[in-house]
Participant: 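One structure, as structure tokens, below. Some questions next.
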Protein chains: 2
Amino acid sequence: MRAGPSQEEIRRHNLGVLLRSVHVHGATSRAELTANLGLNRSTIGALTAELATAGLVTEEIPRDRGRAGRPSLVVRPESEMVYVLAFAIGVDRVTAARVGLGGLVLDRREAPRAPGQAPAEEVVAPLVDLARQMRDLAPAGARHIGTGVAVTPMIRERDGQVRPRAYGSWASDPLSEALTEAIRADVNGDFPIARLGTADLAALAEHTRGVAIGCANVIYLHGDAGIGGGIIAAGRPLTGHGGNGGEVGHMVVNPAGKPCCCGSRGCWETEIGEHALLTAAGRPIGGGAAGIAAVLDAAARGDAEAQTAVRKVGDWLGFGVANLVNIFNPEMVVFGGTLRELYLASAAQVRSRLNRNGLQAYREHVRLRTSALGDDAPLLGAAELAFERLLADPLNDQVTELDSTGTMTAQSGVT
Amino acid sequence: MRAGPSQEEIRRHNLGVLLRSVHVHGATSRAELTANLGLNRSTIGALTAELATAGLVTEEIPRDRGRAGRPSLVVRPESEMVYVLAFAIGVDRVTAARVGLGGLVLDRREAPRAPGQAPAEEVVAPLVDLARQMRDLAPAGARHIGTGVAVTPMIRERDGQVRPRAYGSWASDPLSEALTEAIRADVNGDFPIARLGTADLAALAEHTRGVAIGCANVIYLHGDAGIGGGIIAAGRPLTGHGGNGGEVGHMVVNPAGKPCCCGSRGCWETEIGEHALLTAAGRPIGGGAAGIAAVLDAAARGDAEAQTAVRKVGDWLGFGVANLVNIFNPEMVVFGGTLRELYLASAAQVRSRLNRNGLQAYREHVRLRTSALGDDAPLLGAAELAFERLLADPLNDQVTELDSTGTMTAQSGVT
DNA sequence: GATGATTGTTGTGCCCGGCAACATATCCCT
DNA sequence: AGGGATATGTTGCCGGGCACAACAATCATC
């Protein structure tokens with residue numbers, strides 16, 4: 001139950017829509033914006049002027065004119081001067097990026113990750129270093145307007161398996177908490193640091209700038225040490241209770257399967273995770289993405305044991321995909337992280353399983369794709385998440401929460 | 001990418017929010033509305049005046065005053081004069097209701113359903129009769145402002161199993177199509193007839209007026225001849241591609257299970273459906289809800305074979321619930337239709353399975369509940385769906401679609 | 001260089017909701 | 001019974017948002 005925006009909120013919303021448009025689609029002429037957003041020329045002019053004054057966009061006279069008539073000013077996001085910092089803690093390395101408005105990666109650095117049993121501070125320290133370096137290299141006057149963190153579950157020392165998110169919330173994940181604290185103290189301004197799971201952010205990135213552009217219903221599957229899933233439903237990230245998405249990796253696909261670190265058994269993760277592939281191929285555990293790549297490589301070269309392992313794991317991959325397709329009826333399933341290569345190596349099994357277990361109407365229109373952004377998807381998703389605050393309210397650095405009542409009011413503006 | 005509402009849309013939206021508020025929460029004083037919606041007294045006054053003029057609400061001086069100060073006028077939905085027709089095609093019977101604004105069931109009738117192999121027209125005919133009777137009994141001047149239909153998959157003649165939704169869309173379901181045509185011709189006005197799946201509508205009803213009020217993330221499971229699921233995510237019904245929800249009933253829970261009518265095997269539906277329970281209990285197939293009740297009854301009385309069957313089926317029920325909980329992280333799971341009794345009879349198995357296969361953080365906060373609206377949930381959901389059009393735009397009978405651009409405009413009103 | 005086409009700019013007006021002052025209705029206390 | 005306190009409806013006015021139209025600016029074409 002809530003009413004709509006006040007007139008001031010309309011203004012803010014429209015500013016946000018305009019800024020988001022140039023952020024996502026790149027530089028756009030005012031004439032196109034007028035057509036795309038359905039606002040009057042005069043309104044578009046007022047909005048862009050406001051954004052330009054705020055230093056968020058520039059307006060330029062276009063080079064190539066071509067058509068008759070007065071050339072329309074091109075609105076371009078201030079990619080160099082307005083940026084966010086994005087962080088991702090991977091299994092074997094940590095990455096950080098400075099990303100400009102418009103999605104331009106201005107700087108990107110990575111460092112090896114301290115081993116699994118290292119205290120959180122030790123994992124976080126190099127990231128803070130990277131952040132400082134990037135911040136210091138930013139041009140004078142550039143504004144840091146947000147920070148995003150892709151949270152990866154901790155890794156169990158013993159066997160490299162992923163610890164399930166027993167803590168329940170991304171915000172209370174110890175690693176990301178330590179990172180947040182360090183960043184807040186050393187690099188960040190006062191604004192909040194946005195956190196979300198790796199797979200959720202990769203899904204967001206693929207939805208915004210990757211293969212899933214324009215797809216309202218997407219399931220993104222991320223292979224890592226474990227299996228994560230990010231779901232976009234009706235164009236929005238699907239978050240369960242408390243804003244923490246589900247865990248498709250712990251969907252039980254094989255009731256007779258091996259025990260999982262979560263206490264259950266036969267979880268999807270135990271059947272298609274790194275551990276499962278390596279074990280099936282008779283290889284030692286560990287090695288991360290390289291270990292998986294080695295098995296896939298061996299299979300491609302004709303190694304029978306590896307081929308059998310890939311087929312088996314691919315079969316379970318397809319099985320889980322079929323289940324998710326039946327449950328969600330998505331337009332696209334995207335394979336990212338280590339699942340990208342695994343899918344490519346076992347596409348036949350996956351399709352076959354989907355045909356066997358997926359509902360006909362659903363499997364016929366669902367498209368299976370691999371990540372377009374590759375390993376940087378979570379990082380780029382973290383950047384997109386960090387931009388959200390600005391895009392929701394370009395002129396006000398305060399966090400905008402939706403009015404709980406839902407009514408639209410006029411002049412109920414920020415004091 | 002779209003901007004927000006025009007000023008006129010603000011007005012419409014606020015009218016809708018106000019009307020929805022009294023529709024869902026019942027008669028409310030203007031003072032409370034002022035507080036709840038966050039609008040000014042004068043604005044609330046103007047809005048209620050407009051709705052009263054349109055014949056959608058009445059304003060009354062309250063009886064019991066109690067507090068000091070001028071008593072606030074009570075805004076009451078015009079339950080008797082503004083109504084929708086709702087239809088539900090069940091497995092063994094068809095039901096129809098006339099539901100007034102505010103959710104008041106003004107009239108409710110049912111008729112036996114023609115057997116499974118009957119042509120669609122034959123199934124639909126009694127419903128149209130009921131609709132005519134109800135319409136004719138409505139008071140003079142009462143306005144029929146919408147029609148909703150709960151679509152149930154067709155039933156296979158041979159063994160009573162549900163035909164999967166191979167057609168892909170509710171709108172193209174043959175039965176509901178026939179019903180829609182008949183209603184449109186004989187009873188309905190010009191406005192569109194809203195259709196959605198039984199489980200989706202029951203979920204909507206439970207979310208609006210049942211056990212799941214206030215729960216933003218709900219999974220509703222409906223037992224029938226098959227198993228359907230309706231999912232509310234972030235307060236909105238989850239619809240997959242093309243507006244057709246997923247089919248949790250065809251999630252494969254038992255890769256080694258029996259073949260399902262959908263072509264797959266070991267679908268949840270085959271493990272916990274009517275067919276499965278009756279077979280496990282060594283009873284003849286058929287009988288619908290009564291057959292299930294008989295088994296549950298026998299189990300309650302100590303019949304060992306029935307108890308074993310209930311335990312087994314309850315185990316699979318819990319298994320599927322655990323999977324869905326892991327995938328969605330909902331706040332509540334609601335059991336409706338025949339699953340209501342089944343869950344009550346096997347709650348121990350369900351909880352035990354959930355504890356074994358559900359992630360700790362999720363299973364700890366998820367609440368398992370039975371339907372509060374009982375067998376009428378789909379019917380009431382259909383009514384709610386039918387009201388949507390009015391609530392989205394109380395003064396205009398045109399269908400309001402969201403502007404594709406997303407910008408907010410002023411005076412871009414309906415022509 | 002004139003014309004047509006397209007777009008930016010400016011001033012005006014409509015509409016919406018907030019706001020404040022006033023009117024109204026009830027309760028409570030003496 | 002009457003007056004003050006309290007709460008709410010009502011009315012007139014105002015600010016802000018966007019549409020609209022007229023005008024100015026710029027470009028292609030002939």
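What's counted below: heavy atoms across the whole structure, side chains too, no hydrogens, waters or symmetry copies.
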Participant: Any idea which of C:dG18, D:dT8, C:dA5 is nearest the B:Arg41 side chain?
Facilitator: D:dT8
Participant: Phosphate oxygens OP1/OP2 of C:dA5: is one of them under 4.0 Å from a side-chain N or O of A:Arg67?
Facilitator: no
Participant: Base, sugar-phosphate, or nothing for A:Ile44, non-hydrogen atoms under 4.0 angstrom?
Facilitator: nothing
Participant: Hey, are B:Glu388 and B:Arg20 close enough for a salt bridge, meaning a charged N less than 4.0 Å from a carboxylate O?
Facilitator: yes
Participant: Tell me: CD1 of A:Ile10 to C1' of C:dG17, nearest whole Å?
Facilitator: 10 Å
Participant: Kindly say if B:Arg12 contacts the phosphate of C:dC15, meaning a side-chain N or O under 4.0 Å from OP1 or OP2.
Facilitator: no
Participant: In whole Å, what is the span from the CZ atom of B:Arg70 to the C1' atom of D:dT11?
Facilitator: 12 Å
Participant: Would you mind reading off the distance between A:Arg63 atom CZ and D:dC27 atom C1', rounded to a whole angstrom?
Facilitator: 17 Å
Participant: Just how far, in rounded Å, is P of C:dT7 from CD1 of A:Ile61?
Facilitator: 15 Å
Participant: Are A:His23 and A:Glu384 close enough that a side-chain donor and a side-chain acceptor fall under 3.5 Å?
Facilitator: yes
Participant: Classify the side chain of A:Ser42 and the base of D:dC20 as holding, or not holding, a donor-acceptor pair under 3.5 Å.
Facilitator: yes
Participant: Taking CG from A:Asn40 and C1' from C:dT7, how many angstroms apart are they, rounded to a whole number?
Facilitator: 12 Å
Participant: Report the distance from atom CD of B:Glu32 to atom P of D:dG9, rounded to the nearest whole Å.
Facilitator: 11 Å
Participant: Figure out the CZ/C1' separation between A:Arg11 and C:dC16, and round it to whole Å.
Facilitator: 16 Å
Participant: Choosing from C:dG17, D:dC18, D:dC27, which nucleotide comes nearest the side chain of B:Thr43?
Facilitator: C:dG17
Participant: Would you kindly give the CD-to-P distance between A:Glu9 and D:dG17, to the nearest whole Å?
Facilitator: 12 Å
Participant: Please confirm whether the backbone N or O of B:Leu15 pairs with a side-chain atom of B:Glu50, one donor and one acceptor, at under 3.5 Å?
Facilitator: no
Participant: Would you say A:Asn14 reaches D:dG17's phosphate, i.e. side-chain N/O to OP1/OP2 under 4.0 Å?
Facilitator: no
Participant: Salt-bridge test for B:Glu59 and B:Arg76: reply yes if a basic N is under 4.0 Å from a carboxylate O, no otherwise.
Facilitator: no
Participant: For B:Arg143, is there an ion pair with B:Glu78 - N to carboxylate O distance below 4.0 angstrom?
Facilitator: no
Participant: Take A:Gly69 and B:Gly69, find for each the nucleotide of DNA chain C with the closest heavy atom, and name the residue whose nucleotide sits nearer the 5' end.
Facilitator: A:Gly69
